Amino acid sequence: PKDWQRKKKAKENKTRIVHANILYDNAKREENPNRHYANNKIKTTKYTVLSFLPKNLFEQFHRFANVYFVFIALLNFVPVVNAFQPELALAPVVFILSVTAIKDLWEDYRRHRSDKEINHMDCLVYSRAERRYVEKYWKEVRVGDFIRLRCNEILPADVLLLSSSDPDRLCHIETATLDGETNLKQRQVVRSFYELDCDFDPLKYSSIIECEKPNNDLNRFRGYIIHRSGRRDALYKENLLLRGCTIRNTEEAVGIVIYAGHETKAMLNNNGPRYKRSKLERQMNVDVFWCVIILLVMCLFAAVGHGLWMFQYGDKRPVFDVLSPEGTDLSPIMSAIYLFLTMIIVFQVLIPISLFVSIEIVKICQVYFIHQDMDLYDEETDSHLQCRALNITEDLGQMQYIFSDKTGTLTENKMVFRRCTVAGVEYSHDANARRLAMYQEMDSEEEECTSHGGTLPRRDSVASHQSARVVVRSHSTKSHRRTGSRAEAKRASILSKHTAFSSPMEKDITPDPQLLDKVNECSSQMDFMRFHSQPMSQLPSDLSDIIDFFIALTICNTVVVSSPNQPRHKVKLTSAESIRTLILVQLHLEGVLQLVLLSLELFCLSCTFYLCCMCISESPLVCQSEPQTCSDEAIHKEGELRYEAESPDEAALVYAARAYKCSLVGRLPDQVTVELPHLGKLNFELLHTLGFDSTRKRMSVVVRHPLTDQITVYTKGADSVIMDLIKPPDTGNSKGKRQKKVVCRTQNYLNLYAADGLRTLCIAKKILSKQEYACWLQRHLEAETAIQGREQLLFESALRLETNLQLLGATGIEDRLQDGVPETVASLRKAGLQIWVLTGDKQETAVNIAYACKLLDPEEEILTLNADSQVSSTAKTFHTNFALFELYPSSSSSSSSSHTTPFMVHRLGLVIDGRTLAYALDRSLEDKFLAIARSCRSVLCCRSTPLQKSMVVKLVRNKLKVMTLAIGDGANDVSMIQVADVGVGISGQEGMQAVMASDFALPRFQYLQKLLLVHGHWCYSRLANMILYFFYKNAVTLIFWYQFYCGFSGSAMIDQWYLIFFNLMFSAFPQLITGTLDKGVSAETLQQLPQLYVNGQNSEEYKPYMFWMNMIDAFYQSLICFFIPYFAYADSDVDLFTWGTPITTLALFTILLHLGIETKTWTWLNWLSITFSIALFFTVALCYNASCPTCYSPSNPYWTMQRLLQDPLYYLLCVITPLAALLPRYFYRACQGTLFPSPVQVGRQLDKLPAETRRNILSLSRVKVGSPINTKPPFLSLGSNKKDQRSFPSSKTSQAKQGPVLQTDEEKILLS
């Protein structure tokens, strides 16, 4: 019994049991079994009124710098070591903490307002007391409540669907708020409630639901419902409606709440923005550590000096000596110890307190300006760049490796049915190819009309995917753009978004005449056999395969069918429009009502005519556009069935079948309705759907054929897996010989399709006997009702079924390149970025796409690594190829000198498939695989799984210590995106999973070029220079030199108000403006000279030596600013502050002029910020000196600045001292820019030239000098170093070393 209780308790910990709340309405709260579950009130705020201050301070003190500065400020309250007025020393820390706290408070208040708005939305909840549904706020909903949902209503919680007004017991939802997918998805009523003849009555509900604990997996829901009779029915994700989804095409639905509030799947997936630490920030932390070391050394030096100073007096105490708090003399050692602490307070400016806050402000401003860049806005999808990680903008300028998905990232993911092979016969669909060519020409003409610059090159091959342009807008959108009606164009584009993957190019397929004739012939024969009750087995095999092929295309999917009278958004029509709509619907019915319809039509036309007459009298312009929207063609289009597909592949195949009159007309949970020529509508009983997954790479449906009454399995999937599942043909009979011939021919055509860059899918079937089906069904039902390990059991069940298949045919689907992809890839490669493409596609398809997007070059030798079945053969392959690369000692030696400089043999490209990649990622081979991959100019990984993608990215990032960027558009790219240093999601056709996991989201791949080459370069350059400037500015420690004249006592000749606020106020604003707006090189030049991006890859703006140069320069400038005024006032009788105030002024002028030397782009904001800083300093000084006559006796700052402004020597010092201090830096910059200019400086000089001259010079960068390997323009060679020259060998050298080997060992290299 104890074991049983322990097992029961363990099971309860893993599952959730939900009872109906109406059974416990009159009971105490303690008796309700649902009381422990979360309520539906959401709270995304971090603070409350009471917890804000302690919690926010606790979070801020996680940053070590804040703890340090608070410690320094508190140290000032110790009398024996204090250096400044304690209250004043707290001001900077309080200011910094307050600014951050106010920012956090404002963000939390915005979250609070959003929470309040959501919590107070209305929904209908069943009340037992009132015996009806009553309105309640979302926050009042509880687990176990019954909720009534209406069309276009948003779901308040995760609800199990128990009833639907749909006659088929379906509920359509839109999940755009969860995953961005706008296509409708079907959810179905729980099976045991499916057969209810009356409306669902909550009072009669007595079942108990047992399901899994709350989790964030949107695509999984496991559980079962236990009825009073003891019957158990399994629950699936198809029964669950998720919070945040919208009800569509369903008038009413009822469900019970399973998860509420923060336990809903939507809330569990809401992780907020990601936090990453940038490479520049990591470098900066090292330099902050060095600043601490310098601070301690200076304090130790001063302490030792003070101890020696005190020691020289011996027993005679100096008159200025201060006694201890007890009134006794302090020993020199104790004095030195106390002074050490005092000097830490005095020299605290060495650690830049405002640096971290300034970096956050600058990064926010940079993100704002990136968002405002209209070049990164896509009008077609109405989407902008999104920045989801605010703290790694500078990393965009330091990328070295790009890992890209292919489908949907490099290509449009708009699948167009191109050709097919059925029963071993290939149908080329030439007319369909001509149709696609027409779309291409129309689109290219439109581009030429609207383009503002150069045009993209077009390719001659129409049949290939290599065409540069793709039609992605509907006819209506184009026509409206030509007529100039922007409102109509907007409306048309919005309407086209209602159904995904349904542009005219995708769905208006021209059938092949030969295949169409065979389909008609087959259908007519089947109709004849059905009429005469003849068995369908008498149908010839080739015709039988053809009809089965199109049946498989039609039903082997999850496409949702919506009829034209079922619009996605229910809209209340006007009287004339409703009559018109009624006519359009009724036209599809029987001809019995024709006379009635005709009269209605005439009445409608008369109404329309009357309205048009009224329209003419009021606005002739509006009336002229009305007839265009009511054309017969538009009416015909409105009458079509609408297909809501979850993937573009499914939509393409369903539209292809429809072109052959094999139309999907309806889908229910247990039935699929297909309309075939001659045969009419056939209802296939849908027994099971085995969904697609990335491991099986296929999906299957089990149906009962209406004509043969046979249980048939239709399977659709990747050719790499389907061909292995084909039943071995029996060559002893004619049928077996035919089947073998079909398999061989289909394989040949698959290879041809892949060579043309088409995506290939194989179609197969299997007929089950009743005994086979019953045996399989028993174990399958056990898998379906399991809660623990259900996915694995269902996976194994599918594997048992999908064996010994009969091959029907294969399809070739074209997925065209996105606009500008070849140009973008070429530019990124010129920028020194290594691009790897990781795709799950067939090898031949991927290679063809790689050539089209210029990832692979025709002049390259391709190293192909394909594994055999044994691991040893793969190991041998790697040993053989690795030995090949050891023939280049110069390359390997250059690689050993630096991890970041790949040794490249520019004549090689690597292609590796998923099976080989699995071996290559093994610990024993990963280093050799990486060595081969680094030696190649391009790497293409085919048939790779999502896990392999992330493993490749992690391997390159960790082993080579390089900056990586991963870009993808689908859920299968999420792991790769999260592993990389920077993840970029494409908001494309496959939903928003990749975007949600990314740091940056782009509408199209081509925008990556400007994001990296322009904004990445600017962000890195600005922040690197700003950080170095901060270190320099805070290292100008004037007080250190004064210690030599005051016995190292920690005294200061500068007023403490100036010391405290110098870095915080007087010199803070100009560097923020420069850090936000400075542009070393214009965007145009950066894009035309991608080679300038190498500046960030090699961290040229922030080298370790630059930090030390800035520190040395700061010490030199502090010497000048101290000693020139010192000697100027040496024999005068001025007081301490009259001498110290000019030093403060000179330091401010020097620091601002230093910033001016380092600023590349001057705007009115730069001038304004510098002027404001100087004006603020003098205003504060004049006011302070006028209002503080005896603030700190015996020193008196009264009227100091006023007297100095009357002294000519003060003005002379303001001119001479900054010039002397900045002369070395100015001389260094002048010599560097003239004699040894960096590529960036050359680019800056190009920007100053006239436009025509600059254009002529830039044209030189596009000329191939010497060889295609030379990617650097001749005028940039001045900035190249020896390491770069070693990394990019000359043409002759590379050919001499590579040529003979590649020619003699060609068979060894091309291992396939």
Side-chain angles (χ1 to χ4, degrees), residues 179-180 216-219 269 271 274 276 386 388-389 392 395-396 398-411 413 693-695 697 818 821 824-825 828 833-841 846 849-850 853 855 910-918 920-921 926 929-930 933-934 938-1002 1004-1005 1008 1011-1012:
D179 55 19
N216 62 354
D217 191 344
L218 298 174
N219 298 311
N269 274 279
N271 297 323
R274 306 173 62 204
K276 286 185 177 181
Q386 299 176 39
R388 299 171 56 82
I392 56 170
D395 276 350
L396 293 171
Q398 297 183 277
M399 290 297 109
Q400 292 163 290
Y401 278 75
I402 294 178
F403 298 90
S404 174
D405 178 39
K406 184 187 75 66
T407 305
T409 305
L410 300 178
T411 62
N413 203 15
D693 64 65
S694 59
T695 306
K697 297 183 180 179
Q818 288 186 20
V821 167
T824 303
V825 171
L828 294 176
L833 287 155
Q834 292 296 302
I835 303 177
W836 290 28
V837 172
L838 314 174
T839 178
D841 270 358
I849 292 285
C853 69
L855 180 74
L910 176 64
V911 178
I912 182 171
D913 69 341
R915 193 178 300 173
T916 314
L917 191 60
L921 295 174
E926 61 182 15
F929 163 67
L930 206 54
R934 291 180 67 202
S938 313
V939 178
L940 179 63
C941 301
C942 315
R943 295 294 193 199
S944 51
T945 64
L947 179 61
Q948 286 178 337
K949 290 182 179 183
S950 63
M951 290 175 67
V952 168
V953 176
K954 190 183 295 185
L955 176 68
V956 173
R957 190 194 68 187
N958 295 341
K959 290 282 186 178
L960 300 184
K961 307 298 182 186
V962 292
M963 295 293 289
T964 57
L965 179 146
I967 179 169
D969 74 316
N972 60 334
D973 304 315
V974 168
S975 56
M976 172 178 75
I977 286 172
Q978 291 178 330
V979 165
D981 294 295
V982 174
V984 179
I986 300 286
S987 49
Q989 304 278 322
E990 293 188 18
M992 301 291 283
Q993 294 95 326
V995 169
M996 290 175 177
S998 66
D999 304 308
F1000 298 89
L1002 293 174
R1004 290 186 173 274
F1005 181 83
L1008 187 65
L1011 180 66
L1012 295 183

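Since we're looking at a predicted model, the values are computed, not measured. All residue numbers refer to positions in the sequence shown, counting from 1.
Of all the heavy atoms in T409 and S404, the pair that sits closest is CG2-OG, 3.5 Å. Across every non-hydrogen atom of L930 and K959, the tightest pair is CD2-CB, 3.4 Å. Minimum heavy-atom separation, S944 to L838: OG-C, 3.9 Å.
Residues that satisfy the side chain to side chain donor-acceptor pair (under 3.5 Å) test with S938, not counting sequence neighbours, are R829. Listed by chain and residue number, nothing satisfies the side chain to side chain donor-acceptor pair (under 3.5 Å) test with T839 (two or more places apart in sequence, or in another chain). Applying the salt bridge (charged side-chain N to carboxylate O under 4.0 Å, His left out) criterion to K406, with sequence neighbours excluded, gives D841. R957 meets the salt bridge (charged side-chain N to carboxylate O under 4.0 Å, His left out) test with no other residue; sequence neighbours excluded. By the side-chain contact (heavy atoms from CB on, under 4.5 Å) test, A918 is found to be paired with Q948, residues two or more places apart in sequence or in another chain being considered. Residues satisfying the ring-ring contact (aromatic ring centres under 6.0 Å, His included) test with F403, not counting sequence neighbours, are W836.
S998 is not listed as a side-chain neighbour of V984, based on a closest heavy-atom distance of 4.5 Å or more. Here the side chains of S975 and L947 are not in contact, with every heavy-atom distance at 4.5 Å or above. R943 has its side chain within reach of K697: a pair of non-hydrogen atoms, C-beta onward, lies under 4.5 Å apart. Contact of the I402 side chain with the L1008 side chain is registered, since non-hydrogen atoms from C-beta on lie closer than 4.5 Å. Looking at heavy atoms from C-beta onward, F929 lies in side-chain contact with L910 at the 4.5 angstrom threshold.
Taking SG of C941 as the reference point, atom CG of L917 lies at 5.0 Å (rounded to 0.5 Å). The CG atom of L940 sits 12.0 Å away from atom CD1 of I835, with the distance rounded to the nearest 0.5 Å. Atoms CG and CD1, on D981 and I392 in that order, are 8.0 Å from each other to the nearest 0.5 Å. Distance check, rounded to the nearest 0.5 Å: CG of L828 to CZ of F1005 gives 6.0 Å. Summarising the geometry, atom CD1 belonging to I967 is positioned 8.0 Å from atom CD1 belonging to I977; distances are rounded to the nearest 0.5 Å. Note that CG of L833 is 10.5 Å distant from OH of Y401, once rounded to the nearest 0.5 Å.
Panel note: side chain Q834, backbone Q400; no donor-acceptor pair is recorded below 3.5 Å. Between the D913 side chain and the C942 main chain, no donor and acceptor come within less than 3.5 Å of each other.
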*Report the C-alpha separation of V837 and I849 in whole Å, then their side-chain angles, then the decisive distance to 0.1 Å, and conclude whether the side-chain contact (heavy atoms from CB on, under 4.5 Å) test is met.*
CA-CA 10 Å; V837 172; I849 292 285; over 6 Å; no
*Could you give me the CA-CA distance, side-chain angles and deciding distance for K949 and D405, then say whether side-chain contact (heavy atoms from CB on, under 4.5 Å) is met?*
CA-CA 9 Å; K949 290 182 179 183; D405 178 39; 3.3 Å; yes
